[in-house]
Amino acid sequence: MTVVPAFEKDADGKPTGKIIADPVIKKGDAATESVVFNNTSRTGSLRLTKTSKGHSTPDDAEFIITGPDGYRRIVEYGELKGGRITISGLPAGTYTVKEEKADVDGYVLTVDGRETAAITKDNSTAEIALVNTYTPEEQGGKDTPSSGTGTDNSKTDTEMNGSGTGTEKTSSSKTGTNTPNTGDSSDWIHWMLLSAESAALLVVLLLSRKPRKE
């Protein structure tokens, strides 16, 4: 099929380049009165699915959708029904979704999923699925500081008496010379008796030693 326009001619019969009549449409060698051209472009749909874990996504979170020929649309999370929205009548091409304003105080946000999809066929649907995972900040692996300093190797035992009450005894793992507790008078008496016995034994040993006769 060819389209032949009618040009204006000069005195020599040559075309001037100016069209003076409607073009004649020919199919093969025969002229036809009309031809219908169908220039309908391919269109499809974009389906966005959002899943939230650990915390709900704020309703005012925004999804910025961009595509071919300068296409741009902003969708708020509150517009999604059951975490999903489908946009129809989009021309074929590649579309990208960027999420903003989805942060929540006290949580660390991690977004997983594919942010880009393409409409390649007429009436086809491109799928974009995103997952928001909210992790509490206190679960970031921080150690809780212990109270007090140093290492206490002492052990505490409890002895129960007949009334059901207990008395705690503490034994220390420290090594060194045992020193009597100054706050216990019975320990002092015991210590003094031991000292006196030792002194008396020393005196007896000295007196029992007699000089040898030559």
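Source: prediction; values computed, not measured.
When Thr66, Thr116, Ile119 are each tested for a side-chain contact (heavy atoms from CB on, under 4.5 Å) with Tyr95, only one passes: Ile119. Partner of Lys53 under the side-chain contact (heavy atoms from CB on, under 4.5 Å) criterion, chosen from Thr133, Asp112, Thr110: Thr133.
Checking side-chain atoms of Asn123 against main-chain N and O of Gly44 turns up no donor-acceptor pair under 3.5 Å.
Nearest approach of Glu137 to Val108, heavy atoms of both residues: CG-CG2, 4.0 Å. Taking every heavy atom of both residues into account, Glu99 and Ala61 meet most closely at OE2-CB, 4.4 Å. Here the closest non-hydrogen pair linking Val111 and Lys50 is CG1-NZ, 4.5 Å. Residues Ala102 and Asn132 come closest through the heavy atom pair CB-ND2, 4.0 Å. Between Val104 and Ser56, the shortest heavy-atom distance links the atoms CG2-O, 4.2 Å. Considering all non-hydrogen atoms of both residues, Ala92 and Pro68 come closest at O-CG, 3.7 Å.
Counting only heavy atoms from C-beta outward, the side chains of Arg114 and Ile128 never approach each other to under 4.5 Å. No side-chain heavy atom of Ile74 sits under 4.5 Å from any side-chain heavy atom of Ile65. Ile87 places a side-chain heavy atom less than 4.5 Å from the side chain of Tyr71.
With rounding to the nearest 0.5 angstrom, the CD atom of Glu62 is 9.5 Å from the CD atom of Glu79. With rounding to the nearest 0.5 Å, the separation of CZ in Arg84 from CZ in Arg47 is 5.5 Å. Taking OG1 from Thr43 and CG from Asp122, the interatomic distance works out to 5.0 Å, rounded to the nearest 0.5 Å. Here the CG-CG distance, from Asp59 to Leu80, works out to 10.0 Å after rounding to the nearest 0.5 Å. The CG atom of Leu48 lies 10.5 Å from the CD atom of Glu115; values are rounded to the nearest 0.5 Å. Between the NZ atom of Lys101 and the CZ atom of Phe63 there is a distance of 12.5 Å, given to the nearest 0.5 Å.
Hydrophobic clustering of Ile, Leu, Val, Met, Phe, Trp and Tyr side chains at less than 4.5 Å, counting indirect connections, keeps Tyr134 apart from Leu130.
Side-chain polar atoms of Ser45 and Thr86 form no donor-acceptor pair below 3.5 angstrom.
The side chain to side chain donor-acceptor pair (under 3.5 Å) test applied to Glu100 returns no partner, not counting sequence neighbours.
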